[in-house]
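Contents: one structure, followed by commentary.
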Amino acid sequence: MTGPAGRYAPSPSGDLHLGNLRTAALAWLFARTTGRDFYLRVEDIDSGRSSLDSAHRQIEDLQSIGLDFDGEVVYQSQRFDRYHAVLDELSARGLTYECYCTRRDIQQAASAPHSAPGSYPGTCRSLSESEREQRRAEVAAQGRAPSLRLRVDAPVHRILDYYAGEFEAPIDDFVLQRGGNIGQAGDFAYNFVVVIDDGDAGIDQVVRGDDLLSSAPRQAYLAQLLGYPVPEYVHVPLVLGPEGKRLAKRDGAVTLRELQQQGVDVPALICQSLGYPEAHTLAQLREVFDPAHLSRDPWTFRP
Ligand code: GLU
């Protein structure tokens, strides 16, 4: 049996910057101050953008600012069998369907009146078997493989977020596995695997940047379909760069190593950014951290 747990789940496509480190620190603080275990999951599902070297550097950086983890580090790239098994289970329950649309098809159809921006209009949802065969052959002739979508039966789903409160969003038939080139399985989608990873690990508290709040209703919906308890969601404000946009590497010296080279005490800076200038380490912050005290506004960093 696993106990209650939180997690941090970075994508290993480069060094973590101050915004990522601050979110990681918050996830750790939320877990540790509520008696939870804290896990690290490497979201390296996208093989083109992920590297093991980057994962190792991220883990080193997280440890060096004072975070500790329980259990083994989980790598998504080692869980493909599990994702396939869940996909098969959903398909056997009649909850998936092939989609033959290109991005362009979707954009065109979704620009019709009454459809939510960016949402899938359901073009391939109700095709007959003979229509499917025809479309399958057409995309195969173009060298493409279909994607797999979830057949969603709730137009909106509501979650409870620690800061945002009740949050509701429309859910479309989102992609579980992307289409690829013919003969090659496409990548599994983030919104699919994140639910399986959190559910399998017994994670009951999800703390992450508030850019992902809008994804939470579909993830919670899928968790329920798969029989996992829905976790507590805590979406935290992001760090902004000098231009008022989300902090990015192009904003200058923003990674741990770059900041250290400039003599910045990064844990102290994180404590200050969270409203605790008197704390200098995350261990000290853990003693005094009160989630109710966190500003709901993003924090602006000027390198
Ligand atoms: N891997 C995602 C990211 O780095 C985080 C996903 C999550 O926390 O659910 O943005």
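When a ligand or atom number is given, it counts from 1 through the structure's own listing order.
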- prompt: Can you find an N/O atom of V194 closer than 3.5 Å to an N/O atom of ligand 1?
  reply: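 No - when backbone and side-chain N and O of V194 are compared with those of ligand 1, no distance drops under 3.5 Å.
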Is there a nitrogen or oxygen of Y190 sitting under 3.5 Å from a nitrogen or oxygen of ligand 1? yes
For [atom], what is the nearest protein heavy atom, given as residue, atom name and distance?
atom: atom 8 (O) of ligand 1; result: R7 NH1, 2.7 Å
atom: atom 4 (O) of ligand 1; result: S11 OG, 3.3 Å
atom: atom 10 (O) of ligand 1; result: L212 CD1, 4.3 Å
atom: atom 5 (C) of ligand 1; result: A9 O, 3.4 Å

Looking only at the side chains, is there a donor atom on one of [X] and [Y] sitting less than 3.5 Å from an acceptor on the other?
X: Y83; Y: D197; answer: yes
X: S130; Y: E133; answer: no
X: D105; Y: T102; answer: yes
X: D44; Y: Q76; answer: no
X: Q262; Y: E258; answer: no

Open item on the list: Would you call the rings of F289 and F30 parallel, tilted or perpendicular, taking 30° and 60° as the class edges?
Closed with: perpendicular
- Task: Indicate, as side chain, backbone, both or neither, the part of Y8 found under 4.0 angstrom from ligand 1 when only non-hydrogen atoms are considered.
- Result: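 No part of Y8 comes within reach of ligand 1.
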Logged contact type for V206 with ligand 1, heavy-atom cut-off 4.0 Å, is neither
Do the numbers put R149 on top of the ring of Y120, so that NZ or CZ is under 6.0 Å from the six-membered ring centre and no more than 45° off the axis?
->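 Yes - R149 lies over the ring of Y120, closer than 6.0 Å to its centre and within 45° of its axis.
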Please identify which atoms of ligand 1 are closer than 4.0 Å to at least one heavy atom of R208.
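Selected atoms, number and element: 7 (C), 8 (O), 9 (O).
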Numbered in order shown, the ligand 1 atoms found under 4.0 Å of a heavy atom of E43 are 1 (N), 2 (C), 5 (C), 6 (C)
